[in-house]
Student: 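Could you have a look at this structure, given as C-alpha cells, before my questions?
So that the names make sense, note that chain A is the first sequence line, chain B the second, and so on, each numbered from 1.
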Protein chains: 2
Amino acid sequence: MEPILEGLEQAEGLAALQAASEEIRDHYRVDHVVYHWVDSAGDQYGCGTYSDVWRDRYLEQNYLRIDPVIMGCFQRFHPVDWKRLDWSSKSARTFQAEAIAHGVGNQGFSVPIRGPNGQFALFTVSHSCDDKTWAEWTDAHRRDLILIAHTFNEKALDFEPDRAPEQSQALSPREVDAMTFLAMGYSRAQVADTLSISEHTLRVYIESARFKLGAMNTTHAVARAMSRGLIVV
Amino acid sequence: MEPILEGLEQAEGLAALQAASEEIRDHYRVDHVVYHWVDSAGDQYGCGTYSDVWRDRYLEQNYLRIDPVIMGCFQRFHPVDWKRLDWSSKSARTFQAEAIAHGVGNQGFSVPIRGPNGQFALFTVSHSCDDKTWAEWTDAHRRDLILIAHTFNEKALDFEPDRAPEQSQALSPREVDAMTFLAMGYSRAQVADTLSISEHTLRVYIESARFKLGAMNTTHAVARAMSRGLIVV
DNA sequence: TACCACCTCGCTATTTCTGGGGAGGGGAAA
DNA sequence: TTTCCCCTCCCCAGAAATAGCGAGGTGGTA
C-alpha cells in the first residue's frame with residue numbers, strides 16, 4: 001500500500017485525484033474505485049473509475065436520493081460492505097440492477113467520511129467476485145481503505161476551500177437553543193416559554209440564525225443547522 | 001503498531017477503552033493519550049490518561065467552550081498539531097497555562113473525528129519535548145494515529161445507545177420529495193409547483209409524513225426525516 | 001374479489017409564522 | 001474608548017401553515 005498512498009498524498013488537483021483512483025484500482029486489481037462528495041446543499045462531485053455513461057445517468061436521474069449505499073452510509077460511522085445494506089425496496093433493486101448493467105461490480109465496500117459543516121463523502125471500492133473472496137479481500141485491506149478514504153477527503157477539502165466559504169458562520173448559544181427546540185417540534189410559543197424569554201425575543205434569534213445560515217424560512221434554517229452539525233437532535 | 005491496534009479493536013466497554021489508552025501511551029512513550037467525545041448538546045465523555053483533577057476541572061469550568069483544540073478541530077478535517085492552532089486570545093492563554101500546570105504536555109497532536117448526526121470527537125496525543133522531536137514523532141506516526149482515532153470512535157459509537165433504535169416507518173416517494181424540498185427551504189407553494197401537483201395534494205403528503213414520523217409540525221418532520229437519514233440534503 | 005397504500009384534487013376557518021419597523025443594556029475585543 | 005455582537009423587549013399587517021371535512025383513481029396483495 002505504501003507507495004500508493006504516497007502517490008495520493010502528493011496529488012494536486014482533481015485530475016491528479018482521478019489518476020490516483022485509477023492507480024489504486026490497478027494496484028488492488030479491483031473493478032472500480034470511487035470517491036464521491038455529497039454536499040449539504042445537494043451538490044455533488046467526485047472522481048473514480050465508473051464509466052461516464054453511468055456517472056451521467058446517476059447525476060441526471062438524481063440517484064443520490066435512492067442509492068442504498070448513500071442512505072445506509074449516511075447513518076453509520078463504520079465502513080460497510082454493500083451486502084449489509086438494505087436493498088429490499090423496489091427502487092433500490094431496480095437501481096442495483098441498472099448499476100450492475102453499467103459495469104458496477106456485484107460486490108462493494110464503502111467508507112463514509114465526514115468533514116466540518118456537515119460535509120459528507122464516500123470512498124467506495126467495487127468488484128465482481130464471489131462472497132468469500134470479497135470478504136477475505138476486504139478484511140485484508142480494511143485499514144488501507146480507511147486511510148485512503150481519509151487521504152482522499154483531505155485532498156478534496158484542500159482543493160475545494162470555496163465549497164463552504166463563510167457560510168460556516170457559527171450560531172450564538174441562544175440561536176442554538178432556538179434551533180434545537182424548533183427541531184424538537186416545539187412551536188415558537190413553546191420554545192419561548194421553555195427558554196423563559198418573550199416570543200418576540202425568540203423571533204429575533206430565529207431571524208438571526210436564518211440570516212447566518214442563509215436560510216429562506218425556519219424549516220430551512222433548522223435543516224441547515226442540522227446538516228452542518230450545529231445542532232444535534 | 002499492529003498489536004496495539006488489535007488490542008483496541010477487541011476492547012469491550014468503556015473500561016477497556018480506558019485501558020487501551022494507557023497501553024497506547026506506554027507503547028508510544030508519550031505523556032498522554034485521550035479520546036474525547038463532544039456533542040453540541042453539551043454532553044461529553046471520554047477516556048484517557050489525564051489526571052482526574054484536570055479532567056474534573058475541565059468539565060466543571062466548561063472549558064469545552066474556550067479550548068482552542070476543540071474550537072480549532074471543529075472547523076477542520078485534518079489532524080492538527082497544537083502549534084498551528086490559535087492561542088492568541090486571553091482566555092486561550094490562561095487555559096493553556098493551566099493545562100500545562102496540570103501535567104498536559106507542551107506539545108499536542110489532535111485528530112478530529114465525525115460520525116452521524118453531528119457527532120464529534122477528538123483523539124489527542126500530548127507530550128513534553130522540543131519542537132523538532134515532536135515534529136519527527138508526529139510525522140512518523142500520523143497514519144497510526146488516524147487509524148487509532150478511527151477505531152476509538154468506532155468503539156465509542158458501539159457502546160453508545162443507538163440514536164434511532166426503533167425502526168421508523170419508511171416514507172413514500174412523494175413524501176420523500178416533499179420533505180426534501182421543504183428541507184431545501186421551499187415554501188409549500190414552491191414545492192407543489194416543483195412537483196407539478198396542487199398545493200392541496202402536497203399538504204396531504206406533508207401531513208402523512210408528519211404522522212408517520214410522529215412529528216408535531218413540518219419543521220419537526222423534516223428534522224426527524226433528516227436525523228433518521230430518510231432524506232439527504 | 002376485497003383490501004390497502006399510494007397519488008390526486010377540493011373547501012373553510014383558525015392559528016401561526018414572517019417581514020418590516022423600533023429600543024436599550026452588557027461584555028469582549030481592537 | 002469605541003466598536004461590535006449578543007441578549008432582551010415591543011407593535012402591526014400580511015403571508016403561510018394547520019385542522020377539519022370531503023372526493024375519486026391506480027396498483028399490488030391476500
Side-chain angles (χ1 to χ4, degrees), chain A residues 66 88-94 166 168-224 230, chain B residues 62 65-66 68 71 86-95 168-223 225 230:
Chain A
I66 59 163
S88 61
S89 83
K90 197 179 151 192
S91 60
R93 277 194 304 262
T94 58
E166 50 232 287
S168 56
Q169 182 135 22
L171 299 180
S172 77
R174 279 313 218 187
E175 287 158 359
V176 171
D177 291 342
M179 292 293 107
T180 302
F181 285 116
L182 288 172
M184 288 165 59
Y186 290 28
S187 70
R188 289 205 312 202
Q190 287 174 311
V191 176
D193 198 49
T194 306
L195 296 178
S196 302
I197 55 177
S198 78
E199 194 178 329
H200 312 281
T201 302
L202 176 77
R203 228 181 49 196
V204 177
Y205 298 146
I206 299 174
E207 276 176 40
S208 161
R210 212 173 47 218
F211 178 76
K212 286 182 181 174
L213 296 164
M216 308 168 84
N217 53 45
T218 302
T219 300
H220 194 196
V222 169
R224 289 204 156 177
L230 300 174
Chain B
N62 205 15
R65 299 218 180 266
I66 59 162
M71 316 258 284
D86 176 20
W87 297 91
S88 60
S89 81
K90 196 178 155 195
S91 58
R93 277 194 301 264
T94 58
F95 168 79
S168 57
Q169 202 168 353
L171 299 180
S172 78
R174 279 312 218 188
E175 287 158 0
V176 172
D177 291 342
M179 290 294 106
T180 302
F181 285 117
L182 287 172
M184 288 166 58
Y186 290 29
S187 70
R188 291 206 308 202
Q190 287 175 312
V191 176
D193 197 51
T194 306
L195 296 177
S196 301
I197 55 177
S198 79
E199 196 178 330
H200 310 279
T201 302
L202 176 78
R203 225 181 52 196
V204 177
Y205 298 146
I206 298 174
E207 277 176 37
S208 162
R210 211 171 51 214
F211 178 76
K212 285 182 182 175
L213 296 165
M216 310 168 83
N217 53 46
T218 302
T219 300
H220 194 195
V222 169
L230 300 173

Student: Apply side chain to side chain contact (heavy atoms under 4.5 Å, CB included) to B:His220 and B:Asn217, showing your working.
Tutor: CA-CA 5 Å; B:His220 194 195; B:Asn217 53 46; 3.3 Å; yes
Student: Rounded to the Å, how far apart are A:Phe211 CZ and D:dC5 P?
Tutor: 10 Å
Student: Taking atom C1' of C:dG19 as reference, at what distance in whole Å does atom CG of A:Asn217 sit?
Tutor: 13 Å
Student: List in numerical order all residues of residues 200-207 of chain A for which some heavy atom is under 4.0 Å away from an atom belonging to DNA chain D.
Tutor: A:His200, A:Thr201, A:Arg203, A:Val204, A:Tyr205
Student: Does A:Lys212 put a side-chain nitrogen or oxygen below 4.0 Å from OP1 or OP2 of D:dC6?
Tutor: yes
Student: Please report, rounded to the nearest Å, how far the C1' atom of D:dT8 is from the CD atom of A:Glu199.
Tutor: 15 Å
Student: Under the criterion side chain to side chain contact (heavy atoms under 4.5 Å, CB included), I'd like the reasoning laid out for A:Met179 against A:Ile206: C-alpha separation, chi angles, the key distance, then a yes or no.
Tutor: CA-CA 7 Å; A:Met179 292 293 107; A:Ile206 299 174; 4.3 Å; yes
Student: Kindly state which residues belonging to residues 186-196 of chain A come within less than 4.0 angstrom of DNA chain D, counting heavy atoms of the residue only, listed by number.
Tutor: none
Student: For B:Asp177 and C:dC6, what is the distance between atoms CG and P respectively, to the nearest whole Å?
Tutor: 14 Å
Student: Go through the steps to decide whether B:Leu182 and B:Val191 satisfy the test side chain to side chain contact (heavy atoms under 4.5 Å, CB included), and finish with yes or no.
Tutor: CA-CA 7 Å; B:Leu182 287 172; B:Val191 176; 4.0 Å; yes
Student: Yes or no on side chain to side chain contact (heavy atoms under 4.5 Å, CB included) for B:Leu195 and B:Thr201, after CA distance, side-chain angles and deciding distance?
Tutor: CA-CA 10 Å; B:Leu195 296 177; B:Thr201 302; over 6 Å; no
Student: Less than 4.5 Å apart, any side-chain heavy atom of B:Thr194 and any of B:Asp177?
Tutor: no
Student: 5'-most contact on DNA chain D: A:Ile197 or B:Met216, nearest heavy atom basis?
Tutor: A:Ile197
Student: Considering non-hydrogen atoms only, spot the tightest contact between A:Gly214 and A:Arg224 and give its length.
Tutor: O-NH1, 3.2 Å
Student: Nearest whole Å is fine: how far is C:dT18 P from A:His220 NE2?
Tutor: 13 Å
Student: Base, sugar-phosphate, or nothing: which does A:Thr218 touch, judged by heavy atoms less than 4.0 Å apart?
Tutor: sugar-phosphate
Student: For D:dC9 and A:Ser198 - does any side-chain N or O of the residue sit under 4.0 Å from the phosphate oxygens OP1/OP2?
Tutor: yes
Student: Is it true that a side-chain atom of A:Arg188 and a backbone atom of A:Glu199 form a donor plus acceptor pair closer than 3.5 Å?
Tutor: no
Student: Taking only N and O in the side chain of B:Ser172, is any of them less than 4.0 Å away from OP1 or OP2 of C:dA5?
Tutor: no
Student: Within the side chain of B:Ser208, is there an N or O that forms a donor-acceptor pair under 3.5 Å with the backbone of B:Val204?
Tutor: no
Student: Let me confirm one number: the NE2-OG distance from B:His200 to B:Ser198, rounded to the nearest 0.5 Å.
Tutor: 5.5 Å
